[in-house]
Q: 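Have a look at this one.
Just so you know, ligand 1 is whichever comes first in the structure, and atom 1 is the first atom listed for that ligand. Note that this is a predicted model, so its numbers are computed, not measured.
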Amino acid sequence: MDAMNGFFGEKVIYFDEIDSTNSEVKRQAKAGAGHGLVVIAQKQNAGRGRLGRSWSSPKGTGLWMSFLLKPDIEAENASMLTIVAAMAAQQAIESVTGLSALIKWPNDIVVNGKKICGILTEMVTEGIQIKYVVVGVGINVNTYEFPEEIKETASSLKIESGKEVSKEELFASFGQHFEKYYEKFISCKNLSLIMDEYNTNLANKGREVKIIDGDEERICTAIGINEIGELMVKNSEGHVDIVRSGEVSVRGLYGYV
Ligand code: BTN
């Protein structure tokens with residue numbers, strides 16, 4: 001199903017406390033929930049990040065939310081939804097706070113070089129068919145304390161803007177932007193209508209990045225994404241290479257970005 005208008009958050013379920021909103025959306029999907037369901041929690045006790053990391057989600061300080069999508073696309077294209085969600089998060093953050101936000105490929109939103117938001121996309125398949133996709137978005141809104149291991153790289157909208165930011169406004173703005181970009185994505189099943197805007201807001205663009213793929217590390221210059229969301233990079237010999245998001249981590253040479 002690809003309901004187009006007003007599908008995001010047609011139904012929203014709120015929790016004071018939960019293990020992970022991504023896990024709850026999966027449970028809801030198994031119980032028959034539909035496209036566009038959103039789960040929001042005040043606090044996550046087992047918030048999950050990419051690459052098996054945990055996601056710090058202290059009570060009331062952030063927008064910890066996940067939503068259910070049932071797109072009519074092939075499983076191999078589901079990772080592009082992360083790019084769609086990143087665009088929506090970046091735009092929502094800019095329009096609600098007036099801060100300048102950039103995207104660190106593929107799925108982090110950074111403000112002043114610090115990570116403000118992360119996105120975790122998970123899918124459940126049946127053969128080559130997608131049964132459903134869960135997109136989890138964590139935005140450090142009014143967060144003021146971070147675990148030791150991310151203290152240097154993370155920040156919140158309140159820290160960066162110097163004022164309290166409304167989670168409700170961010171949620172509403174995210175939903176509007178997500179529906180707009182989702183429609184563009186679904187209309188051609190790739191990112192051709194989104195990639196120029198994404199690349200304009202790409203924090204890594206033109207910068208040297210270290211691609212960490214398991215034990216392997218290589219240094220290249222980021223160029224931008226292509227229409228399927230892969231990062232195009234130039235290696236030291238000037239050849240253009242492609243990096244797929246899967247399990248790689250991208251770090252700047254002189255900082256997080
Ligand atoms: C990352 O940058 O590693 C992705 C972080 C994703 C965090 C969000 S918070 C809401 C949702 N529930 C989770 O358990 N994770 C995502």
Q: Measuring from non-hydrogen atoms of Ser57 to any atom of ligand 1, is the shortest distance under 4.0 Å?
A: no

Q: Any idea which protein heavy atom is nearest atom 5 (C) of ligand 1, and the distance to it?
A: Trp55 CE3, 3.4 Å

Q: List ligand 1 atoms under 4.0 Å from Met65, heavy atoms only on the residue side.
A: 10 (C), 11 (C)

Q: Tell me, which protein residue and heavy-atom name are nearest atom 3 (O) of ligand 1, and how many Å apart are they?
A: Arg50 N, 2.6 Å

Q: List ligand 1 atoms under 4.0 Å from Gly49, heavy atoms only on the residue side.
A: 1 (C), 3 (O), 4 (C), 5 (C)

Q: Say whether Arg48, considering both its backbone and side-chain N or O atoms, lies within less than 3.5 Å of an N or O atom on ligand 1.
A: yes

Q: State, without any angle test, whether Ser66 and Glu24 hold a side-chain donor-acceptor pair at a distance under 3.5 Å.
A: no

Q: What are the atoms of ligand 1, with element, lying closer than 4.0 Å to any heavy atom of Gly47?
A: 14 (O)

Q: Between Asn142 (side chain) and Val165 (backbone), is there a donor-acceptor pair under 3.5 Å?
A: yes

Q: Any idea which protein heavy atom is nearest atom 8 (C) of ligand 1, and the distance to it?
A: Gly138 N, 3.6 Å

Q: For ligand 1, indicate whether the residue Asp108 contacts it via side chain, backbone, both or neither (heavy-atom separation under 4.0 Å).
A: side chain

Q: Just need the protein heavy atom nearest to atom 10 (C) of ligand 1, so name the residue and atom and give the distance.
A: Thr21 OG1, 3.2 Å

Q: Taking only heavy atoms of Asn22, which atoms of ligand 1 are found under 4.0 Å from at least one of them?
A: 11 (C), 12 (N), 16 (C)

Q: Which ligand 1 atoms are under 4.0 Å away from a heavy-atom of Gln44?
A: 9 (S), 10 (C), 11 (C), 12 (N), 13 (C), 14 (O)

Q: Answer with yes or no after comparing the ring centroid distance for Phe174 and Phe67 against a 6.0 Å cut-off, counting only values under it.
A: yes

Q: Rounded to the nearest 0.5 Å, what separates atom CD1 in Ile40 from atom CG in Asp16?
A: 12.5 Å

Q: Between Arg244 and Asp213, is there a side-chain N and carboxylate O pair less than 4.0 Å apart?
A: no

Q: One thing to verify: whether Arg218 and Asp241 come together as a salt bridge, which I'm taking to mean a side-chain N less than 4.0 angstrom from a carboxylate O.
A: yes

Q: Does the ring center of Phe8 lie less than 6.0 Å from the ring center of Tyr182?
A: no

Q: Any N or O on Trp64 sitting closer than 3.5 Å to an N or O of ligand 1?
A: no

Q: Ser66 heavy atoms, cut-off 4.0 Å: which ligand 1 atoms fall inside?
A: 11 (C), 12 (N)

Q: Are any of the side-chain nitrogens in Glu122 or Lys26 under 4.0 Å away from the carboxylate oxygens of its partner?
A: yes

